[in-house]
Protein chains: 2
Amino acid sequence: MEQNVIDASGLLAVSTRLQRLSDQIRKDGLLIYKAFGIDFQPKWFPVLYTLYKKSTMNVVSLSDEIGYAHPSTISLLKELEKEKLIRSKKDKVDTRKRLVELTEKGTALLSTMEPVWDVIIKATAEITNTQNNLMKAINEVEASLKEKSFLQRAEVYIKK
Amino acid sequence: MEQNVIDASGLLAVSTRLQRLSDQIRKDGLLIYKAFGIDFQPKWFPVLYTLYKKSTMNVVSLSDEIGYAHPSTISLLKELEKEKLIRSKKDKVDTRKRLVELTEKGTALLSTMEPVWDVIIKATAEITNTQNNLMKAINEVEASLKEKSFLQRAEVYIKK
DNA sequence: CAAATATATGTAGTCAACTACATATATTCC
DNA sequence: GGAATATATGTAGTTGACTACATATATTTG
């Protein structure tokens, strides 16, 4: 078993390792959509999937839902609007709000994607259902961090 | 237990989830160095730590070691050179090669960082030693992907 | 041993997220 | 009900990784 210096440094490099794995999975995701002949970018997934499930949302709620800063959401929405996959209208009650929803084209695309998700889910399950389940581990870690941040935990040791 | 749409989509969003967690840990990492009064950016870690452990390396080997594309390494090296934490010289045998090493300042900085790593390791252990160990899960997933890529696994289902 | 190929480094530009700041509209509270 | 505050959206610029391409030097091969 070959071992490089970063792997050997173990916990110190968690962030780097997470990043690398995320990139790898994202790139393969793009290739899978291509294999199905679907013109779709993985980065669109969070926004489109959320609108598919929740139909209409304003920019900030959508950002909160997917866990992005709102400017990131805005630039995705700009792209998706150009692709005519979403449209938006003013909220008549609160005119600050912009309400976003899928177009017919968007809904149609999402429907054709359901079989792809099925494949992605199966392939991901294969990969993550090892002794330590990655998705469960992420959930557990996020739960711990929500309870007490990384910095707060470190501070306990600093003060000793 | 609140549940947002993306979390509910489970496996579909692994890449997004990994990304988010990585960012969160990286940001907290920066704060910890600050708390110790150390002028250090987490992104420098892979390069500096590798040079600390292996003393002298050329650009490509270093990139392979830390798992980065070489232009990424070059731009980090440029920064580190400006900070006078590393220096480089030509390989006399193979003049294409640029040999990189820590300066005295670099070595000194890395020494002062050892106690910080200790804190980071402890805090990370606290977070990742849940029922499903995150580091072990990452190792297991990377091992599966090395054996057979995500795309190859998906293709099996596509062809059915 | 010269031509073809491979390797090492470097530059330029892209990408997908971010933060900081600006503006418009709602809400709250003296 | 006007001033202060909070919220919603938007723009500009940054960041930390990437790919594609360019060039110089080594190595291999006909």
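Numbered from 1 within each chain, the chains take letters A, B, ... in sequence-line order.
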Report yes if a side-chain nitrogen or oxygen of [X] is closer than 4.0 Å to either non-bridging phosphate oxygen (OP1 or OP2) of [N]; otherwise report no.
X	N	result
B:Y68	D:dA17	yes
A:S75	C:dA17	no
A:K78	D:dT11	yes
B:R98	D:dA24	no
B:Q19	C:dC18	no
A:R26	C:dA17	yes

_On DNA chain D, does the nearest nucleotide to A:S61 precede the nearest nucleotide to B:H70 from the 5' side, or the other way round? Give the residue._
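Final value for this comparison: A:S61.
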
Looking for any heavy atom pair under 4.0 Å, which part of the strands does [X] touch: base, sugar-phosphate only, or nothing?
X	value
B:K27	sugar-phosphate
A:S72	base
A:E79	nothing
B:D23	nothing

*Please name the residue in the list B:T50, B:N58, B:T73 that meets the side-chain hydrogen bond (donor to acceptor under 3.5 Å, both in side chains) test with B:S63.*
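Output: one option passes, namely B:T73.
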
[Y]/[X] salt bridge by N-O under 4.0 Å criterion:
X	Y	result
B:E104	B:R87	yes
A:E81	A:R98	yes
B:D118	B:K122	yes

*asked:* Among D:dG16, C:dA16, D:dT9, which nucleotide has an atom closest to any side-chain atom of A:V59?
replied: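 Of the candidates, D:dT9 comes closest.
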
*If you check every side-chain atom of B:K97, which of D:dT11, D:dT19, C:dT9 has the closest atom?*
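The answer is C:dT9.
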
*With ring centroids as reference points, do B:Y49 and B:W117 lie under 6.0 angstrom apart?*
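So the answer is yes for these two rings.
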
*asked:* Here's a test of your reading of the structure: between A:A69 and A:D91, which maps to the more 5' nucleotide of DNA chain C?
replied: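 Here A:A69 is the residue nearer the 5' end.
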
*asked:* If you assign each of A:T95 and A:L76 to its closest nucleotide in DNA chain C, which residue comes earlier from the 5' end?
replied: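 Its nearest nucleotide being more 5', the pick is A:L76.
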
*For the side chain of A:R96 and the base of D:dT7, is some donor closer than 3.5 Å to an acceptor across the two?*
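Present.
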
*For the pair made of CG in A:L80 and P in C:dA16, what is the distance, rounded to whole Å?*
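The distance from CG of A:L80 to P of C:dA16 comes to 12 Å, rounded to the nearest Å.
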
